[in-house]
Visitor: 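The structure that follows is given in the form of C-alpha cells.
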Amino acid sequence: MTFFHFVNCIVLAYAPYFITYKYSGLNEYSSFWKCIQAGIGYFLTQLIKLLLLATFFPASDSEEFALLPELLKSSADFIDVIGMHLVMTYFLVGKGEVRFMSGGLGWGAAHSLASRLLPFWVGARASAFSWRWIQQACSSSSDLIFFFAMAASTWMSTRNANRPLIFLLLFACVFHSFFIQLLIHEGIQSWSLVIVRFIYSSLLALGALYAYAAGNAQPKKIE
Amino acid sequence: MEKRFLNEKTDLTVYVSPSTSNVPSILSDIESTGDSTATATAQLLHSLTANTFQFTSVDSQPADVLNYKPNNIIARLGSGERSSPTIAFVAHYDSHAAFPGVAVGSDSNGSGIVALLELLAILSPFYDKPSTKPQYNLVFVWTAGGKYNYQGARQFIDDFQEASQANDEKLEVAICLDTVGGVGPLRMHASKAPSDESAAGQLLKRLKAASPNKSIELVTKKINLGAPLMSWEHERFNVRRMPAVTLSRLETSDQDSRKSLLDTPSTVDVNSLMGNIRIIAEAVLGYMMPLTQAGSGANSDSQDKRVTADTQMLSKNSVDKHRVAHYIRQFATKPRSLADPEATGIVAQNIAAAARIYAVTTTMPVDLQEVRVWGVTKTRVLAERVKPAIFELVIATVVLVYLYIFFFVISKSQRIIENSVTVMRKSVA
C-alpha cells in the first residue's frame, strides 16, 4: 500500500527474531556470528536441495496440485534436516542446547528473509491493500517456533533415548510444507491458515519439549 | 443517459466497463462507504478501516489526432462494357457511440455491411455467364468514416468522378443501406420525390411489388446545405448531382439508436434482415433485367400472362440464413470505431476477404476532410482497494502490541521452559 505498510510488515515479520535473540538469554551464550553461520548453512542447503529437486523432479507443466508428486517432492525436505544436523555438528560450538537454539534461530531468520523479503518489497508497497502481507508476516512468527522445534528434534535425534517420538517429530517437520500445501489445496486460506500454521508449529514445539524432558530424564538416571 | 454524455462537455474522463464479476463487490463497497444512516461510532470506525478505491488508467498513450487513412472496400461486378450504366450499393462500416470503444453498432451499420455482402453473394451468380449478365455494372462500396459525415462516400464519389471522365462510366443510381436489420417498414429516403421514369422511382415501384407483406415508404427530406452534418449517406451523392437514395428502417437520420451503445446484436433480427435483403435483391434484379412488373402495363411484354403471374427472380433459398448469420457474427458484433485504427483495419480486411470470393475487390484509401478523429478508444482501468492512511497507524499499533507480548513471553521463556521441563519429567517419572 505504502512504504509505511511495508515497514509494518517487515517489523511484524523480523522483529520476533531479533527479540528472541536479544532477550531470551541466547546472546549471553552464543554470538551473533553463529546465527549468521546457521543462516549461511541454510542457503547452502537450499542450493543443494534445489539441485536435487531439479534433477529428480522435473517441473511438470500443469500448475495443478497433485498429491503423490507433491508428497515425493516434499520428501526432499529431508535434506533440510541433514543440512541442519551438519551445521549444528560442525559449525556451531558450545553447549548442546545453545547450539540448537542459535541454529534454529539463524535457520529460521534465513528462511524468512529468503521467502518473504522480496514479496514484501514488491507486494506490500503496491497501492492496493491486501491482508495477505500482514498474514505472511504473522506466519513468520510461527515459522520461528517451527524451526526451533525442528532444530531441537534434529539435535536430539542422535542423543535421545526416545527415538520413535523424535522420528515422528522429524517426519512432521519434513512434511510441514506439504501439509500446508494440502490445506491450501483444500481451501483453507488467509486467517484460518495463519492460525493452523501456528497450532501446527506449537504442537511440534510441545512435542519437542516433551521429548527433551522425557529423553534427558532417563540418561541422567543412568548416570 | 448516453445522449447526455454525447452532448455534455466533461473535464473528468468517464470510463465505461463491461460488468464483470468484480464490479458488484466494488459497487457494494462504495455504497457502504456512502451510507450515512449508520451511528457515529460506526462511521468513525468506518473512516478508519473502510476500503476506499483508487482508479488508475494503465495505458498512457497520448490521445492524438489520428492521421491514418481508413480504406473504402470496393467490389465490382462488371457487365463487360465500361460504358453500361452503373448501380452502386453503399454502406458505411464504422460504428460510433458516446463510448466508441464498446459500441458494436450492430444495426447501424453492421446490418448494412451484412446486407451488402449478401447482395453481392446473391447477385454475383448472374455475372458468371455471358448469357445471364445484366447490362449494368454493379459496384459495392463499404465506406469508411460514415459516422463522420460520410467521409468514405465522399472519397468514393471523388474517385468515381475522376475515373468516369476517362472511361465514360456513369452512375445510374446509388443505393445506400443504413440500419436495415430490424423489424418495421423499409423506408426509402430521398432528397426529393423521384419521378416515375427515374431509376429511383422505378426501384421504389419494384420494391413495393417485391414485398407484398411489407410496407415500403418514401421519405423525402430536402438537403440542408447549411447543416454541419449530412443526415443520410445519399446526400453525399445528391450534392454532387448523382442520383441516390438511402434504404433504412428508421424514419429520420437523427435517431439515437444510430449512435448508441445499446445498438447490440440483439437489435438485429435475422429474419427481417433477410427479408429486406431479398426485397432489395428482387427489386434491383427486376430493374436490371427489364422485367415486367405485376400491375404495371407500361411494358409491352407484360401482356403475357405467364410472365406477369410471377415476378420472383430468386429461388426461395437464395438468401442464405447461415451465411447471413455468419456475416452478422463476423461484422456486426465488434466495435469498429474509426478512432481505433486497428479495429478499422481488421474489419476492412475481413470485408475485403469476404467480398473477394464473389467479385473483384479493391481498397481505396480515404482522406479524412473537415473532421479530426481523436485516437484511444480503450484503456485499462485498475480499481484498487486502498485503506486510508490512518489505517496504517492502527496496524502499526497492533504490531507493536503484538511485539510487546512477544517480548514479554520471550523474556520469561527460560523460566517457563525450565518449569515445564521439570513438570514433564515429573509426569514421566
Side-chain angles (χ1 to χ4, degrees), chain A residues 1-29 97-98 101 105 124 126-131 133-134 137-138 140-142 144-145 148 152 161-162 165 205-218 220-221, chain B residues 22 25-26 29-30 32-33 46-58 380-429:
Chain A
M1 178 175 172
T2 49
F3 187 72
F4 192 19
H5 188 63
F6 171 71
V7 171
N8 268 343
C9 289
I10 290 289
V11 168
L12 187 56
Y14 298 116
Y17 290 90
F18 179 72
I19 293 174
T20 312
Y21 174 74
K22 199 81 184 165
Y23 298 103
S24 68
L26 196 60
N27 61 340
E28 291 169 26
Y29 300 102
E97 282 80 355
V98 174
M101 288 280 273
L105 185 67
S127 55
F129 176 81
S130 164
W131 282 108
W133 311 115
I134 297 282
C138 282
S140 165
S141 306
S142 26
L144 175 64
I145 300 171
F148 267 133
N162 201 348
L165 179 62
L206 272 181
L209 193 63
Y210 180 77
Y212 175 76
N216 277 16
Q218 285 153 354
K220 269 185 184 170
K221 270 181 189 170
Chain B
N22 290 331
S25 81
I26 295 179
D29 262 354
I30 290 176
S32 74
T33 316
H46 216 225
S47 69
L48 289 186
T49 59
N51 293 325
T52 50
F53 283 92
Q54 190 175 337
F55 291 92
T56 38
S57 90
V58 181
R380 274 183 353 143
V381 177
L382 274 185
E384 289 176 324
R385 269 200 183 82
V386 171
K387 294 283 186 186
I390 196 109
F391 185 69
E392 284 304 312
L393 282 176
V394 177
I395 288 195
T397 323
V398 172
V399 167
L400 285 178
V401 169
Y402 173 79
L403 288 181
Y404 183 72
I405 295 170
F406 195 88
F407 162 73
F408 190 75
V409 170
I410 286 295
S411 53
K412 298 271 184 291
S413 65
Q414 216 168 350
R415 204 181 307 152
I416 296 172
I417 290 176
E418 275 168 8
N419 284 346
S420 55
V421 165
T422 30
V423 167
M424 279 178 187
R425 275 185 190 159
K426 270 177 195 162
S427 72
V428 167

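Because the structure is predicted, anything quoted here is derived from the model rather than measured. Proteins get letters first, then strands, A, B, ... in listed order; numbering begins at 1 in each.
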Visitor: Is chain A contacted by the side chain of Leu393(B), its backbone, both, or neither, given a heavy-atom distance below 4.5 Å?
Guide: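 Both the backbone and the side chain of Leu393(B) come within 4.5 Å of chain A.
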Visitor: Once rounded to the nearest 0.5 Å, what's the spacing between atom CZ of Phe406(B) and atom OH of Tyr17(A)?
Guide: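 One gets 8.5 Å once the value is rounded to the nearest 0.5 Å.
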Visitor: Any side-chain heavy-atom pair from Ser141(A) and Tyr402(B) closer than 4.5 angstrom?
Guide: yes
Visitor: Specify the closest pair of heavy atoms between Phe407(B) and Ile19(A), including all atoms of both residues, with the distance to one decimal.
Guide: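 It is CA-CG2, 3.6 Å.
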